[in-house]
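The structure appears below as structure tokens.
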Amino acid sequence: MAILVASGMTVSTAAYTKTADLVSGRNQYVGKGRLQVVARGSAIGMNITVNVGGVALADDLPLPFIGTTGALSVKDHVIIDQVVAGGRVECFLRNTTVGALTTDYAIYFTPM
């Protein structure tokens, strides 16, 4: 059963800025298991960085899924689906446009 490590809905990021680490709290440290990241930006121009234990799983990559209507789907909006050795989970969003953008995201972990 998956554990929700972090999530956010309509997280706003100002023009040309990068968020602070979006993962905090009790579940930011994970052991060996499956990490799934789903995300959808409101428009083209949002990039994502995800690290686990210092290893970059996504390094400032553009979000391929965009839209402002409908629900975030674990089946349709997968950014990362990877077995990891463990460590601290970090997630950052970076807006590369002149306007503020919003992002929906969720990070799930299933222990092995």
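All values reported here derive from a predicted model rather than from experimental measurement.
- At distances below 3.5 Å, at least one donor-acceptor pair connects side-chain atoms of S42 with backbone N or O atoms of T102.
- In the hydrophobic clustering of ILVMFWY residues, with side-chain heavy atoms under 4.5 Å counting as a link, L4 and L57 come out apart.
- Side-chain contact between L22 and F92 is absent, with no heavy atoms from C-beta onward closer than 4.5 Å.
- Put simply, CE on M112 and NZ on K32 are 6.5 Å apart, with the number rounded to the nearest 0.5 Å.
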Can T13 and M46 be said to form a side-chain contact (heavy atoms from CB on, under 4.5 Å), step by step?
CA-CA 9 Å; T13 308; M46 188 61 74; 3.8 Å; yes
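- Y108 pairs with exactly one of D81, V74, V5 by the side-chain contact (heavy atoms from CB on, under 4.5 Å) rule, that one being V74.
- Both V11 and I80 are part of a single hydrophobic cluster, where members link through side-chain heavy atoms under 4.5 Å apart.
- Tested against C91 for a side-chain contact (heavy atoms from CB on, under 4.5 Å), the candidates T49, I48, V52, T19 yield a single pass: I48.
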Under the side-chain contact (heavy atoms from CB on, under 4.5 Å) criterion, do L35 and I107 qualify, and how do the steps go?
CA-CA 7 Å; L35 189 81; I107 301 172; 3.8 Å; yes
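- The backbone N or O of T10 sits less than 3.5 Å from a side-chain atom of D104, completing a donor-acceptor pair.
- Clustering ILVMFWY residues whenever any of their side-chain heavy atoms sit less than 4.5 angstrom apart, transitively, puts I79 in the very cluster that holds L101.
- By the 6.0 Å contact criterion, CD1 on I44 is open, its count of non-hydrogen atoms from other residues, nucleotides or ligands being 12 or less.
- A heavy-atom distance below 4.5 Å is not found between the side chains of Y16 and N95.
- A donor-acceptor pair under 3.5 Å is absent between the side-chain atoms of S7 and the main chain of Y105, judged by distance alone.
- The shortest side-chain heavy-atom distance between Q82 and V50 does not fall under the 4.5 Å cut-off.
- Taking both residues in full, the closest heavy atoms of D21 and E90 are given as OD1-CA, 3.5 Å, listed atom of the first, atom of the second, then distance.
- Each of I66 and L72 belongs to its own hydrophobic cluster when Ile, Leu, Val, Met, Phe, Trp and Tyr are linked at side-chain heavy-atom distances under 4.5 angstrom.
- Side-chain contact between I3 and M1 is absent, with no heavy-atom pair separated by less than 4.5 Å.
- With a 4.5 Å cut-off on side-chain heavy atoms, L93 and K18 do not count as touching.
- Remark: R40 CZ to T69 OG1 distance equals 7.0 Å, nearest 0.5 Å.
- In this structure, T103 and L63 have side chains that are in contact, with non-hydrogen atoms separated by less than 4.5 Å.
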